[in-house]
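Working notes, structure below.
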Amino acid sequence: MRKPFVAGNWKMNTDSHTSVKLVERIACGSEETAGQSITVAVCPPFVYLQAVAKALSSSSIAVGSQDVYFEREGAFTGEMLKDVGCSYCLCGHSERRHVIGESDELINKKVAAAIAGGLLPILCVGELLEEREASQTNEVVTRQVKEGLAGLIAEKIQAVTIAYEPVWAIGTGLTATPEQAQEVHDFIRKLLGQMYNKKLAGEIRILYGGSVKPDNAADLMSQKDIDGSLVGGASLKADDFLAIIQAAV
Ligand code: PGA
């Protein structure tokens, strides 16, 4: 029922040449699946968004940004994402929460602004290692989901994808086991059911992120509530990213 979704978060990697080469290879290798049996998106660094969107103009791969500002226009940084070809944007990625210090309140403004601007936000949530060890995972995720979506009515929520990314698994080589991830995905889906309704909760895609690689992707994707993945490091290698896409179809 839910179409699988694999998104690559390139973070601050590639350059003007390699960003285009990378998407050309991804587009070529996913021609038969992307857009039809699976949603595929790449989130390149801001400065290469336009070049990447142009290189993908005749493909079904979507482009996303790694962040968004909540004001529409004015004396801000001018993140005119739609204008440069973005359809998706990440909101509240762990690096924004824990390195830059973004609050749930700010992330909520970004999610709302993204929807208002016609973008499809990917709201990232996930606990720190010490929070998991203190059995606070559900509590943390509940706060991040509830506050991240505060004030958004059911009709707006259809635009949202959730990415569960345990912070201890991001870029560390440690991955949640498929069972650990499924447990949290199931919890988030039930929470969405309480916040909205069961039907809507059953339609929202929940991606797993945190050291997803070709060799663990299939096991993660086989879980009932894992609808795809948000891939960091492995999305920078076309063959690895294509293998992860294939595992999710
Ligand atoms: P990783 O990053 O796959 O390199 O762990 C995931 C992410 O930060 O979204």
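Read the numbers this way: they start at 1 and go in the same order the structure lists the ligands and their atoms.
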| Selection from Glu165, Lys11, His93 by shortest heavy-atom distance to atom 2 (O) of ligand 1 | Lys11

| query | So is Ala169 close enough to ligand 1, meaning a heavy atom under 4.0 angstrom away? | reply | yes

| Tyr196-Glu155 side chain donor-acceptor pair, cut-off 3.5 Å | no

| Going by the atom numbers of ligand 1, which of them fall below 4.0 Å from some non-hydrogen atom of Gly233? | 1 (P), 3 (O), 4 (O)

| task | Determine whether more than 12 heavy atoms belonging to other residues, nucleotides or ligands lie under 6.0 Å from atom CD of Glu183. | result | no

| note | Taking only non-hydrogen atoms of Gly171 and a 4.0 Å limit, the atoms of ligand 1 in range are 1 (P), 4 (O), 5 (O)

| Residues Ser103 and Arg97: side-chain donor-acceptor under 3.5 angstrom | no

| task | Would you mind running through ligand 1 and noting each atom that sits below 4.0 Å from a heavy atom of Ser211? | result | 1 (P), 3 (O), 5 (O)

| Are a donor atom and an acceptor atom from the side chains of Asp225 and Gln182 found within less than 3.5 Å of each other? | yes

| message | Under a 4.0 angstrom heavy-atom cut-off, which atoms of ligand 1 come close to Gly210? | response | 5 (O)

| query | Can you tell me if Gly209 has a non-hydrogen atom under 4.0 Å from ligand 1? | reply | no

| field | side-chain contact (heavy atoms from CB on, under 4.5 Å) partners for Glu95, two or more places apart | value | Lys11, His93, Val99, Ile170

| query | For ligand 1, is Ala234 a contact, meaning one of its heavy atoms is under 4.0 Å away? | reply | no

| message | I'd like to check which ligand 1 atoms, numbered from 1 as shown, lie under 4.0 Å from a non-hydrogen atom of Leu230. | response | 9 (O)

| If we ignore angles and hydrogens, is there a donor and acceptor under 3.5 Å between the side chains of Gln66 and Trp10? | no

| atom 3 (O) of ligand 1 [closest protein heavy-atom partner, distance rounded to 0.1 Å] | Gly232 N, 2.8 Å

| request: Indicate whether the side chain of Asp15 and that of Thr18 have a donor and an acceptor atom separated by less than 3.5 Å. | output: yes

